[in-house]
Amino acid sequence: MGQIKIESLITEDCKLWDVTCDGPYVPTKKVRDPPVMMPKTRKEYNDAERKTVGKIFRAKKILVYGIGPNEYNKISTCQSAKEIWEALQTAHEGTTQVKKSKIDMLTTEYELFRMKDDESIQDMDTGFISIINELHLLS
């Protein structure tokens, strides 16, 4: 994900990454007989729920602030940090099938890699490292 650094989420607080991966969190309460779970109003949140909801907002903020205006269009309708992260992953890495295809293509490039007649050793090395780095990022 080049521009978006997972490390910035982890550095801020490991819980931010947890709330991003776990998805939307809405504090609930039991009401009626038989009991039914209903969302709490913000005034009904306890301290732990306020803290978790605050982390969700911070995770979303980090993701949104970490992207440029072109990327924002891809996530503007997302409601949770998890949705934002998944939309960005799909946009940059593609679906699992697309990712596998990219890996297969890069593996073939790696296996067939040869120095071109008009290429310097430095250019060849740069091309080779580029293939390896792309494979590493996709695995």
Side-chain angles (χ1 to χ4, degrees):
M1 299 274 326
Q3 295 177 347
I4 297 188
K5 302 286 184 199
I6 294 172
E7 294 84 16
S8 65
L9 284 174
I10 294 170
T11 300
E12 174 83 18
D13 185 343
C14 287
K15 293 289 183 185
L16 292 178
W17 186 238
D18 291 342
V19 298
T20 298
C21 293
D22 294 343
Y25 169 74
V26 177
T28 57
K29 62 183 176 182
K30 289 182 184 178
V31 294
R32 297 192 196 120
D33 191 25
V36 176
M37 298 305 285
M38 298 287 294
K40 288 182 176 181
T41 65
R42 291 181 66 92
K43 290 180 182 179
E44 296 174 306
Y45 291 177
N46 62 35
D47 289 341
E49 291 165 337
R50 273 190 200 87
K51 194 172 185 176
T52 301
V53 169
K55 288 182 187 311
I56 292 167
F57 286 122
R58 281 203 314 273
K60 285 175 63 175
K61 182 175 85 172
I62 289 170
L63 288 168
V64 171
Y65 287 1
I67 61 175
N70 294 336
E71 297 292 311
Y72 182 77
N73 293 332
K74 296 173 185 165
I75 57 102
S76 62
T77 60
C78 296
Q79 297 297 310
S80 68
K82 182 176 183 166
E83 282 182 81
I84 292 169
W85 182 250
E86 289 172 350
L88 290 170
Q89 274 186 308
T90 301
H92 289 274
E93 296 175 1
T95 61
T96 304
Q97 185 177 5
V98 170
K99 187 175 177 180
K100 183 175 176 358
S101 295
K102 286 179 183 179
I103 290 171
D104 290 344
M105 181 190 71
L106 288 165
T107 301
T108 302
E109 260 187 74
Y110 171 82
E111 290 169 349
L112 299 174
F113 187 82
R114 301 283 182 267
M115 184 174 178
K116 297 174 184 121
D117 290 334
D118 60 342
E119 189 173 38
S120 70
I121 292 175
Q122 187 175 1
D123 289 341
M124 179 201 70
D125 185 55
T126 301
F128 188 70
I129 289 171
S130 176
I131 293 169
I132 291 170
N133 286 343
E134 287 184 58
L135 277 167
H136 181 70
L137 287 172
L138 290 169
S139 60

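The first residue of the sequence shown is numbered 1, and numbering continues consecutively from there.
Rounded to the nearest 0.5 Å, atoms CG (Leu106) and CG (Asn133) are 11.0 Å apart. Interatomic distance, OG1 of Thr20 versus CZ of Arg58, reported as 11.0 Å (0.5 Å rounding). Note that CD1 of Ile62 and CD1 of Ile67 are 13.0 Å apart. Values are rounded to the nearest 0.5 Å. Separation of atoms CG (Asp104) and CG (Leu135) is listed at 10.0 Å; rounding is to 0.5 Å. Between the CG atom in Asp125 and the CD atom in Glu119 there is a gap of 10.0 Å [rounded to 0.5 Å]. Rounding to the nearest 0.5 Å gives a distance of 11.5 Å between CD1 of Ile131 and OG1 of Thr126.
Glu71 places no side-chain N or O within 3.5 Å of a backbone atom of Gly68 that could act as its donor or acceptor partner. Checked by atom type and distance alone, the side chain of Lys74 never pairs as donor or acceptor with a backbone atom of Leu88 at under 3.5 Å.
Val19 has its side chain out of reach of Tyr25: every pair of non-hydrogen atoms, C-beta onward, lies at least 4.5 Å apart. Inter-residue side-chain proximity for Thr108 and Met105 is flagged as unmet; no heavy-atom pair is nearer than 4.5 Å.
By the salt bridge (charged side-chain N to carboxylate O under 4.0 Å, His left out) test, Lys29 is found to be paired with Glu44, residues two or more places apart in sequence or in another chain being considered.
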Practice task
Give the intermediate values and the outcome of side chain to side chain contact (heavy atoms under 4.5 Å, CB included) for residues Ile121 and Met115.
Solution key: CA-CA 8 Å; Ile121 292 175; Met115 184 174 178; 3.9 Å; yes

Practice task
Show your working on side chain to side chain contact (heavy atoms under 4.5 Å, CB included) between Glu134 and Leu137 and close with a plain yes or no.
Solution key: CA-CA 5 Å; Glu134 287 184 58; Leu137 287 172; 5.6 Å; no

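Under the 4.5 Å side-chain heavy-atom criterion for grouping Ile, Leu, Val, Met, Phe, Trp and Tyr, Phe113 is not connected to Ile129 through any hydrophobic cluster.
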